[in-house]
Amino acid sequence: MHDEPRGAPDYLLDQNLSETNQNFTFTKAHRLLDKKQFNRVFQNPDKLICTKLVLLAVKNGLDHPRLGLAISKKNAKHAVTRNWVKRVVRESFRLNQHLIGSLDIVILSRFGIVELDSSQLKELIDKQWAKLTRLCAS
RNA sequence: GGAGUUGAUCAAAGCAGUCGCUGCUCAAAUGUUUGACCCUGGUUGGUUAAACCUUUGGGGAGAGGAAAGUCCGGACUCCAUAGGGCAAGGUGCCAGGUAACGCCUGGGAGACGCGAGUCCACGGCCAGUGCCGCAGAAAAUAUACCGCCAGGUUAGAUUUUAUAACCUGGUAAGGGUGAAAUGGUGCGGUAAGAGCGCACCGCACUGGUGGUAACAUCAGUGGCAGGGUAAACCCCACCUGGAGCAAGACCAAAUAGGGGAACGUUAAUGCGGCCCGUAUAGUUCCCGGGUAGGUUGCUAGAUCUAUAUGGCGACAUAUAGACUAGAUGAAUGACUGUUCUCGACAAAAUCCGGCUUAUCGAUUAACUCCCACC
RNA sequence: GCGGGUGUAGUUCAAUGGUAGAACUCCAGCCUUCCAAGCUGAUUAUGAGGGUUCGAUCCCCUUCACCCGCU
């Protein structure tokens with residue numbers, strides 16, 4: 001994936017929708033920023049629940065997906081582990097963003113997420129993106 | 001060489017590469033706005049400058065010793081400039097340091113250790129009050145249960161001695177209870193005893209010496225004050241106004257800046273313990289309406305590093321140099337290769353000074369004890 | 001982030017510094033053909049670690065867990 005050609009800015013990508021001119025940035029445009037945007041997702045979402053995570057998704061009408069995280073203090077006690085979960089999820093989102101449709105996604109943690117190690121969590125999340133896209137397309 | 005004591009410094013394991021995140025800075029491009037100029041009757045338009053948004057490229061920076069707990073103390077902001085009294089709370093050997101402290105340094109008393117050293121909420125129950133369960137004679141004005149001793153009466157007895165019971169008096173040595181019982185040991189003394197007397201120890205008072213002081217030490221006097229508890233009320237000395245960056249300020253947008261009722265200058269609110277004092281000119285309830293963001297505060301400071309001087313030290317002063325996170329659903333990660341000893345506790349959120357708690361280790365300085373050798 | 005509060009049997013609550021108690025629950029027995037109800041009996045606790053005190057649920061310190069308020 002590191003051999004992808006680079007240099008094409010986003011506004012060009014938006015114009016011709018080329019599959020070859022992808023890049024893998026993660027800016028504020030790719031996040032849910034305020035309470036309104038979060039509430040919109042919590043209103044009427046498509047849910048995908050597995051043992052350690054809950055994913056909520058809703059279509060957003062933009063050209064790219066957006067991500068929001070809600071990792072509670074109850075499930076991940078220390079700030080270090082909360083930050084670790086967020087970073088792994090964000091990294092996976094960044095690398096897989098072009099496989100996901102135009103969705104607003106909120107990810108919640110469930111009990112036991114601390115027991116996973118870094119590679120297990122990454123593998124788990126990588127699987128969820130494809131499932132989620134199929135769920136929302138149907 | 002071994003065993004220890006006290007500090008100081010470091011600590012995302014290190015190196016290389018690719019992708020990515022948040023500020024800062026430089027350059028370029030597109031766009032928007034504003035100003036000036038040009039063409040023109042006017043508009044459109046063109047040139048140039050500045051600011052802003054977005055994108056691209058380059059450079060550089062980017063979690064801790066505890067960032068934690070929120071246990072103390074400050075800065076800062078608003079309430080009134082932070083006032084007076086009472087209440088409430090805190091601190092508590094002495095001297096110093098500090099912006100301040102419940103912190104730190106040095107010294108003293110006490111306890112522990114062979115020692116280097118360590119620990120220590122360490123004012124006052126002869127100002128007053130309260131409490132001390134059970135047990136015990138008695139738990140605070142001391143008292144007299146068992147004892148011990150003397151005298152008397154009665155019983156018994158040939159008589160005396162001795163014995164038993166009762167009464168009166170003396171005693172605080174001995175006994176048992178308890179966490180705690182009115183100085184300890186020894187000698188003298190006595191009917192038995194007792195600081196009744198003496199020696200030593202302890203205690204209290206007075207004076208001298210050393211020390212800024214806490215205190216230490218010496219001499220004399222008194223014969224002995226008087227239980228514990230103040231992290232019980234309390235007394236004494238000192239300190240403390242309240243709320244907290246979700247404090248507060250500004251901008252844009254929107255508006256209801258409305259209607260009704262009640263209270264009211266001897267009053268209401270600020271003033272969130274109470275009163276005084278003081279400031280403001282309204283305040284409260286009901287109906288109805290609205291609810292929403294952005295910027296700033298936000299990191300240059302009781303700052304850090306080095307040197308010199310003063311001080312036992314905490315620390316202070318002077319000179320030179322450095323700029324070292326500032327996010328806002330919240331930034332430090334992922335992957336690949338490689339090396340080793342296979343990597344603890346753990347993430348800034350206004351900022352500092354401490355304390356406490358968690359913690360794999362590494363380096364280093366000073367000192368103590370033991371063993372061996374010279 | 002800032003500021004408050006609470007920890008006692010399995011549950012809900014009491015308890016001047018002096019043997020931690022009540023109700024419900026659970027268990028055993030009695031009663032009943034059996035179950036329920038009733039009666040009798042028994043088990044079970046001061047979040048943890050220190051300190052003050054002769055003696056701490058209580059007073060003080062540290063720590064852990066939980067709850068609440070403020071955009």
Side-chain angles (χ1 to χ4, degrees):
Chain A
M1 63 180 73
H2 305 304
D3 298 327
E4 295 284 350
R6 307 196 63 261
D10 270 349
Y11 60 90
L12 289 177
L13 184 68
D14 292 344
Q15 281 167 8
N16 57 21
L17 294 174
S18 163
E19 287 296 318
T20 56
N21 287 331
Q22 293 178 353
N23 67 358
F24 296 93
T25 58
F26 181 71
T27 61
K28 278 188 183 176
H30 298 83
R31 305 183 200 181
L32 298 177
L33 289 176
D34 57 31
K35 203 171 179 179
K36 277 184 184 171
Q37 297 174 359
F38 270 85
N39 281 339
R40 207 174 75 80
V41 177
F42 282 117
Q43 284 301 317
N44 194 14
D46 293 324
K47 294 179 191 171
L48 178 60
I49 302 174
C50 63
T51 53
K52 312 290 185 191
L53 291 170
V54 178
L55 289 82
L56 307 176
V58 101
K59 283 182 182 159
N60 67 0
L62 300 172
D63 296 320
H64 54 80
R66 293 189 299 186
L67 179 69
L69 295 165
I71 311 299
S72 74
K73 215 170 194 175
K74 213 162 195 172
N75 297 327
K77 199 164 161 356
H78 293 295
V80 172
T81 56
R82 286 197 297 276
N83 278 347
W84 164 75
V85 171
K86 289 181 194 172
R87 279 168 186 157
V88 173
V89 173
R90 262 192 226 114
E91 182 68 12
S92 173
F93 178 84
R94 184 175 73 81
L95 296 173
N96 293 290
Q97 57 181 286
H98 299 287
L99 305 176
I100 307 166
S102 299
L103 300 171
D104 281 349
I105 302 167
V106 171
I107 295 184
L108 306 173
S109 61
R110 301 188 75 193
F111 185 77
I113 195 159
V114 182
E115 296 161 13
L116 300 175
D117 66 23
S118 189
S119 59
Q120 283 174 330
L121 180 58
K122 186 166 149 39
E123 201 176 327
L124 179 69
I125 296 164
D126 284 348
K127 283 180 194 166
Q128 307 306 320
W129 301 127
K131 277 193 193 174
L132 191 66
T133 311
R134 257 183 279 127
L135 183 74
C136 293
S138 64

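Residue numbers begin at 1 in each chain, while the letters A, B, ... track the order of the sequences.
Between the CD atom of A:Glu91 and the C1' atom of B:G20 there is a distance of 6 Å, rounded to whole Å. Here B:C19 presents its C1' atom at 15 Å from NE2 of A:His30, a figure rounded to the nearest Å. With rounding to whole Å, A:Arg94 atom CZ is found 7 Å from B:C21 atom P. Taking atom CG of A:Asp117 as the reference point, atom P of B:C342 lies 20 Å away to the nearest angstrom. Rounding to whole angstrom units, CD of residue A:Gln97 and P of B:C19 are separated by 16 Å. The CH2 atom of A:Trp84 sits 13 Å away from the C1' atom of B:G333 (whole-angstrom rounding). Atom P of nucleotide B:A331 and atom CZ of A:Phe93 are separated by 16 Å, given to the nearest angstrom. Straight-line distance from the NZ atom of A:Lys122 to the P atom of B:C19: 17 Å, rounded to whole Å.
Spacing between B:A279 and B:C94 at atom P, rounded to whole Å, works out to 44 Å. When the C1' atom is compared between B:C304 and C:G47, the two are found 45 Å apart, to the nearest whole Å. For the C1' atom pair drawn from B:A349 and B:G244, the interatomic distance equals 16 Å after rounding to whole Å. The same atom, P, is picked in B:C146 and in B:C196; the two are 26 Å apart, to the nearest Å. Rounded to the nearest Å, the gap between the C1' atom of B:G343 and that of C:C61 is 37 Å. Only the P atoms considered, B:C239 is 46 Å distant from B:G223, to the nearest whole Å. Between B:A231 and C:G17, the two C1' atoms lie 13 Å apart (nearest whole Å). Straight-line distance between the P atoms of B:C120 and B:G313: roughly 25 Å, to the nearest whole Å.
Toward the 5' end of RNA chain B, the nearer of the two residues A:Leu67 and A:His78, judged by each one's closest nucleotide, is A:Leu67. Taking for each of A:Ala70 and A:Val88 the nucleotide of RNA chain B with the nearest heavy atom, the 5'-most of the two is the partner of A:Ala70.
With a glycosidic angle further than 90° from 0, B:G329 counts as anti. An anti orientation is assigned to B:G175, its glycosidic angle lying beyond 90° of 0.
Between A:Arg87 and B:A331 there is no side-chain N or O to OP1 or OP2 distance below 4.0 Å. Side-chain N/O atoms of A:Arg90 include one lying less than 4.0 angstrom from OP1 or OP2 on B:A331.
The one candidate from A:Leu99, A:Ile100, A:Thr133 that meets the side-chain contact (heavy atoms from CB on, under 4.5 Å) condition with A:Pro65 is A:Ile100.
Residues meeting the side-chain contact (heavy atoms from CB on, under 4.5 Å) test with A:Val58, sequence neighbours left out: A:Arg40, A:Val41, A:Asp104.
The partner of B:C114, taking Watson-Crick or G-U wobble pairs whose two distances both stay under 3.5 Å, does not exist in any strand shown. Nucleotide B:A219 is matched to B:U206 when pairs are restricted to Watson-Crick or G-U wobble geometry with both distances under 3.5 angstrom.
In this structure, of B:C21, B:A331, B:C19, it is B:A331 that holds the atom nearest to the side chain of A:Asn83.
Backbone-only contact: A:Arg31 has heavy atoms under 4.0 Å from sugar-phosphate atoms and none from a base.
Using bins of under 30°, 30° to 60° and over 60° for the plane-to-plane angle, the ring pair A:His30/A:His64 lands in the tilted bin.
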